[in-house]
> 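Can you keep this structure in mind? I'll have questions shortly.
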Amino acid sequence: MTTKDRPPICDYEGSDYQATFWEQGDREYEDQVEAIALQRLLPKAGKLLLEVGAGAGRNTPRYDGFERVVLLDYSRTQLRQAQERLGDNPRYIYVAGDAYRLPFAPGLFDAATMIRTLHHMAEARLALQQIRQALRPGAVFILEFANKHNLKAITRYTLRQQAWSPFTPEPVEFAALNFDFHPKTVRGWLEGNGFHIERQLTVSHFRVGALKRLAPARLLVGMDALMQWTGNWWQLSPSVFVRAMATGDSPTAAPGTFFRCPECEHFPLEETPEAMVCLACGRRWAIHDGIYDFR
Ligand SMILES: [Zn+2]
């Protein structure tokens with residue numbers, strides 16, 4: 001893929017998203033219901049987990065059953081914030097990179113998560129394909145996506161307050177690089193890319209401003225936790241979590257291999273103190289203060 005053909009990327013570089021959206025944005029309810037869904041779907045233990053779109057590491061401490069976690073984000077400033085939050089801990093590996101061309105040897109990970117990230121992907125299917133490639137057979141993938149087929153959108157569409165249909169399969173880009181997806185479409189993409197869907201949880205049923213102001217967060221979190229289990233039968237919440245397993249015959253990364261060149265897909269790479277070097281195409285991928293930069 002040449003630079004010109006690459007899909008556009010929603011880049012949080014220089015953003016204070018963590019502070020404005022999560023810490024001052026009255027998102028306690030959303031954060032807690034996500035934590036519950038994650039806990040229900042995550043394997044209790046594992047070796048190496050890939051967190052795609054890790055941002056400032058809000059969810060990372062929730063992966064404490066894993067020996068090591070790779071935080072991948074396109075934005076280096078988000079990763080710096082994650083480093084500050086999580087501290088200097090060899091369990092965490094920070095990688096700046098593009099989900100459309102992941103810099104990892106095929107079959108490296110035994111688990112991956114992608115939370116609130118597909119939401120920004122113009123080429124969602126390509127990202128899912130890349131993640132499947134990075135996983136070994138039997139690995140677990142937890143995907144969260146924004147659901148266009150949610151109760152609020154259905155109501156607004158029925159009342160003619162909204163132009164786009166929540167019932168049609170194609171993603172809706174309601175703001176630049178912000179997409180909502182139809183659950184059936186996402187399931188189709190997963191199944192078409194070597195995943196078997198094991199469980200679906202519907203999340204954030206009560207993400208309604210008025211309700212969040214009126215009812216105590218604890219009550220809403222408790223009710224959401226109960227309703228999450230209906231996710232296998234129908235999906236009408238704004239957020240859906242899917243647990244899928246990597247199936248089929250695909251390679252498992254050999255011991256000692258880790259990164260691959262995102263430019264030419266060669267691996268393994270040579271590590272120097274300042275860079276990862278690709279001996280096939282000659283590219284040097286810099287390492288800056290603990291961040292592997294594959295952009
Ligand atoms: Zn290369």
Side-chain angles (χ1 to χ4, degrees), residues 1-13 47-55 67-80 82-83 90-114 117-118 120-137 139 141 177 189 192-195 246 248-295:
M1 221 185 300
T2 66
T3 310
K4 197 172 98 261
D5 304 327
R6 282 194 210 144
I9 291 170
C10 179
D11 185 1
Y12 278 68
E13 199 66 77
K47 283 198 167 10
L48 184 62
L49 178 139
L50 169 63
E51 186 180 12
V52 182
E67 289 170 21
R68 285 187 302 163
V69 178
V70 172
L71 292 89
L72 179 100
D73 205 275
Y74 194 73
S75 155
R76 283 179 297 251
T77 49
Q78 291 291 304
L79 290 171
R80 286 271 174 256
Q83 280 179 321
R91 276 188 68 224
Y92 300 123
I93 300 159
Y94 300 91
V95 179
D98 177 348
Y100 299 128
R101 25 178 243 152
L102 288 178
F104 306 110
L108 181 64
F109 297 93
D110 54 351
T113 64
M114 181 154 74
T117 302
L118 199 71
H120 297 302
M121 295 198 160
E123 296 292 338
R125 200 169 8 176
L126 176 58
L128 297 177
Q129 188 195 343
Q130 286 279 299
I131 292 168
R132 174 61 191 88
Q133 227 182 69
L135 293 172
R136 61 187 62 181
F141 175 39
L177 287 178
W189 288 340
N193 275 303
F195 287 107
D249 225 5
S250 63
T252 297
T257 53
F258 200 94
F259 290 116
R260 81 172 175 190
C261 176
E263 199 67 40
C264 75
E265 301 197 342
H266 173 79
F267 62 91
L269 302 182
E270 292 285 309
E271 181 158 8
T272 74
E274 305 85 38
M276 301 300 297
V277 182
C278 176
L279 296 181
C281 75
R283 282 289 305 253
R284 294 172 60 83
W285 306 96
I287 308 167
H288 293 297
D289 301 322
I291 297 179
Y292 293 90
D293 193 350
F294 287 96
R295 301 191 352 174

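These numbers were taken from a predicted model, which means no experiment stands behind them. In listed order, ligands and their atoms are each counted from 1.
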> Could you tell me if Q83 and R80 have a donor-acceptor pair between their side chains, going purely by distance under 3.5 Å?
yes
> Going by chain and residue number, what protein N/O/S atoms come nearer than 2.8 Å to the Zn ion (ligand 1)?
C261 SG, C264 SG, C278 SG, C281 SG
> Identify the residue among L50, L49, L48, T113 that makes a side-chain contact (heavy atoms from CB on, under 4.5 Å) with V69.
L49
> Enumerate the residue pairs fulfilling side-chain hydrogen bond (donor to acceptor under 3.5 Å, both in side chains) with a member in residues 286-295, sequence neighbours excluded, ordered by first and then second residue.
E13-R295, R76-D293, E271-Y292
> What's the separation between atom CG in L79 and atom OH in Y92, rounded to the nearest 0.5 Å?
14.0 Å
> Where does the angle between the aromatic ring planes of F294 and F259 fall among parallel (under 30°), tilted (30 to 60°) and perpendicular (over 60°)?
tilted
> Taking R101 first and then E265, would you say they form a salt bridge - that is, a charged N and a carboxylate O separated by under 4.0 Å?
no
